Amino acid sequence: MLDKYKSLTKGQKSQLNKILIAGGLLILAFIVKDYQYFTLAALAGSYLLVGLDVLKLSLYNIKNGQVFDENFLMSIATLGAIGLGDYYEAVFVMLFYQAGEFFEDLAVGKSRKSIQSLLEYAPDQVRVLRHGKEEIVDPEDVNIGEIISVLPGEKVALDGQVIKGSSSLNLAFLTGESLPVDIGPADQVPSGAINLSGHLQIQVEKTFDDSTVSKILELIEESSEKKSVLENFINRFSRYYTPVVVFSALFLAILPPLIFNQAFGPWFKRALIFLVVSCPCALVLSIPLAFFAGVGKASRSGILVKGSNYLEALAKVDSLVFDKTGTLTEGNFEIIEENSYSQVDFRSLAGSLEAYSNHPIARSIEDKYGSKEKDQITEVQEIHGRGLVGTYQGKVLLVGNEKLLADYNIEIIQSQSLGSKVYVAYDQKLIGSLVIADIIKDGAKKALEDLRQAGVKNLVLLTGDKDQVGQEVGSYLGFDQVYSELLPADKLEIFESILEKSKKDSMVAYVGDGINDAPTIVRADVGIAMGALGTDAAIEAADLVLMDDKLDKLPRAIEISKETLATAKFNVVFSLGIKILVLILSVFGLATMWMAIFADVGVMLIAILNSMRLMKE
């Protein structure tokens, strides 16, 4: 208990001390209730301890034209109760109001700390090698190309490439994953990572302002500026709600006694109860807190959200559109099947001919088989959309697709494997074939199944790959629609049509690598950058940034968004429901001041505790 007290801020300690002393004085007033002057002194001291700041703030706001707020409501309600001689009720209202404010401050502080703890990953100094010596300088003073030294246990301050040393890195801040990653010379290292073991020397490739950690921290700090639709509604609602309540209470205190020729006292008390009940604290505080907690929870999972409005929109996503390469697949072509139909070494010939092309598939074949026969191949032609033709030892050598071999009247042997088929023919005979595929990421199929479970009804794949490859990948992963052989402009056009066909209250999200897909990411209701670790374009263009290549973060993001929106909606319905009920009872004289206290402070505390559940993992 003492440790928790020590962890409070100075202001929180002062507020708690006042509440405890005021509570003690209130208990004393009950004990000495037979002694009128002692009782009044204890009640006055208790009220002033917890109420003086509220009264001062109310007067200050009135002077500045800001009349209708919760401070004004509490001041009028408690002073009116004192005027009617209900001293205990007045003190209780103010005491519980301040207790509610204290717990609300604790909740917001806890939520803010969960996000601010991420900001601690911004290093304030770095070891840089200059003139053969290490200098400790500010990260902003390090230039691109300089060498920084990172010792075990230190944070990597700047993005770069390892030139000396090997180690394991903790990337939990960046990806949400605690499993260490082994790195060595020539590996890329993002800023924000923690060096766990070896001594590293890293050549800087980005300035501090452009570094991964700076981009992430900037995104986190700005996320609170973009409010959700529900938050904006509550803010607008409270501006009109409070004046309406004050004037309604005024009419309740004056009109019924005049109309029914009754005493003013009972109706004035009903009006005071009406004021206490109607304080909008539960709505104004708990809704932003729910979204704040949701954004913080997502950040700890390696999902960066640029604003609570995007978190709210994600909960309403009905259609999810995917790019293929680099999003669903690794983005690297690999030979997954080899078929030999002759004694001739088709592998060596294929690698040697493909050495004349810069196509990604050609590069993967050359990398696999080498190009030792390259100098013996002449008269090379690259035929667009078909493959390569050359002459080897006076005979025609072909490496390409089915269309190329059809041009030369060479029959092929079909393969049922998933991927692009490459055929090798020599001297008018098929001598071999390859199946080359961009490997689908581990967990992709499971992630898409989880998205279905999370409520996504329509999964669409957009790819620039050939139709056969696109259809095979789409069928394997379970997509509803597949569009293939698309240029970036084609992707945007098709995505626009999907947006037009979507239902009015549903959202359409796009998931891409954040570079070639940037126009479509920007156009989407929710643009999601997949695997954007260190990718500036992704962080800039997307509304949500998933900081690693793991597709399971997508259903996790939707799960958090739905949980956040459900929590916020519950707070609205619960708070308004209880308040409206007690307000109606107060009009008919059936509500007590204790019921009013519950409808105000009690409801606020329940709503705040409900929002705080989001902070738990």
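Since the model is a prediction, treat every value here as computed from it, not as a measurement.
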> Can you tell me how far CG of L609 sits from CE of M604, rounded to the nearest 0.5 angstrom?
Replying inline: 10.5 Å
>> Tell me the closest heavy-atom pair linking L320 and V456, and the distance in Å.
In response: CB-CG1, 3.8 Å
>> Determine whether I498 and V460 satisfy the following criterion, side chain to side chain contact (heavy atoms under 4.5 Å, CB included), listing intermediate values before the conclusion.
In response: CA-CA 9 Å; I498 295 171; V460 183; 3.9 Å; yes
> Have N458 and D318 got a donor and an acceptor in their side chains that come within less than 3.5 Å?
Replying inline: no
> Tell me, do K316 and L565 make a side-chain contact under 4.5 Å, heavy atoms counted?
Replying inline: yes
> Going through the checks in order, is the side chain to side chain contact (heavy atoms under 4.5 Å, CB included) test met by L462 and Y510?
Replying inline: CA-CA 10 Å; L462 305 183; Y510 183 85; 4.0 Å; yes
> Do V526 and L544 come within less than 4.5 Å of each other through their side chains, counting heavy atoms only?
Replying inline: yes
> Between I144 and T207, is any pair of side-chain heavy atoms under 4.5 Å apart?
Replying inline: yes
>> When you measure from the side chain of Q161 to the backbone of Q188, do you find a donor-acceptor pair of N or O atoms at a distance under 3.5 Å?
In response: no
> Between the main-chain N or O of S191 and the side-chain N or O of D159, is there a donor-acceptor pair closer than 3.5 Å?
Replying inline: yes
>> If we ignore hydrogens and angles and just use 3.5 Å, is the side chain of D543 paired with the main-chain N or O of G527 as donor and acceptor?
In response: yes
>> Donor-acceptor pair, distance only, cut-off 3.5 Å: does the side chain of S475 make one with the backbone of E472?
In response: no
> What distance do I440 atom CD1 and L551 atom CG have between them, rounded to the nearest 0.5 Å?
Replying inline: 10.5 Å
> Can Q481 and Y483 be said to form a side-chain hydrogen bond (donor to acceptor under 3.5 Å, both in side chains), step by step?
Replying inline: CA-CA 7 Å; Q481 297 167 274; Y483 298 89; 3.1 Å; yes
> Does N195 reach the main-chain N or O of V150 with its side chain, forming a donor-acceptor pair under 3.5 Å?
Replying inline: yes
>> Which heavy atom of V582 sits nearest to which heavy atom of A599, and what is that distance?
In response: CG2-CB, 3.9 Å
>> Could you check whether any side-chain heavy atom of L461 comes within less than 4.5 Å of a side-chain heavy atom of K324, counting everything from C-beta outward?
In response: yes
>> Any non-hydrogen side-chain atom of V126 less than 4.5 Å from a side-chain atom of V156?
In response: no
> Where do A157 and F208 come nearest, in terms of heavy atoms and distance?
Replying inline: O-CD1, 3.9 Å
>> Measuring from atom CZ of F574 to atom CG of N610, what distance do you get when rounded to the nearest 0.5 angstrom?
In response: 9.0 Å
> So, do E337 and L434 sit near enough that their side-chain heavy atoms are less than 4.5 Å apart?
Replying inline: no
> Do side-chain atoms of D480 reach the backbone of L459 as a donor and acceptor pair under 3.5 angstrom?
Replying inline: yes
> What are the two closest non-hydrogen atoms of G294 and I560, and how far apart are they?
Replying inline: O-CG2, 3.7 Å
>> Taking the ring centre of each residue, are F479 and F322 less than 6.0 Å apart?
In response: yes
> Does A542 offer a backbone N or O that forms a donor-acceptor pair with the side chain of K306 under 3.5 Å?
Replying inline: yes
>> If you count every heavy atom of other residues, nucleotides or ligands that lies below 6.0 Å from D490 atom CG, does the total exceed 12?
In response: yes
> Given V511 and V321, is the side chain to side chain contact (heavy atoms under 4.5 Å, CB included) satisfied, shown in steps?
Replying inline: CA-CA 6 Å; V511 189; V321 184; over 6 Å; no
>> If I compare all heavy atoms of I436 with all of I361, which pair ends up nearest, and what's the gap?
In response: CD1-CG2, 3.4 Å
>> Could you check whether any side-chain N or O of S248 sits under 3.5 Å from a backbone N or O of V244, counting only pairs where one atom can act as donor and the other as acceptor?
In response: yes
> So do the side chains of K297 and E563 get within less than 4.5 Å of each other, counting heavy atoms only?
Replying inline: yes
> Checking K579 side chain against V277 main chain: does a donor-acceptor pair fall under 3.5 Å?
Replying inline: yes
> What distance separates I439 CD1 from T329 OG1, expressed to the nearest 0.5 Å?
Replying inline: 9.0 Å
> So, are D552 and R556 salt-bridged, with charged N and O less than 4.0 Å apart?
Replying inline: no
>> Are L451 and L554 packed together at the side-chain level, in the sense that at least one heavy-atom pair is separated by less than 4.5 angstrom?
In response: yes
> Any idea which heavy atoms bring R523 and E496 closest together, and the distance?
Replying inline: NE-OE2, 2.9 Å
> Any donor-acceptor pair under 3.5 Å linking the side chain of K441 with the backbone of L328?
Replying inline: no
>> Between the side chains of D323 and K491, is the shortest nitrogen-to-carboxylate-oxygen separation below 4.0 Å, so that they form an ion pair?
In response: yes
>> Between I521 and I528, does the side chain to side chain contact (heavy atoms under 4.5 Å, CB included) criterion hold? Intermediate values first, please.
In response: CA-CA 7 Å; I521 285 178; I528 304 172; over 6 Å; no
> Which value, rounded to the nearest 0.5 Å, describes the distance between I194 atom CD1 and S167 atom OG?
Replying inline: 11.5 Å
>> Quick check for you: to the nearest 0.5 Å, what is the distance between L492 atom CG and L486 atom CG?
In response: 11.5 Å
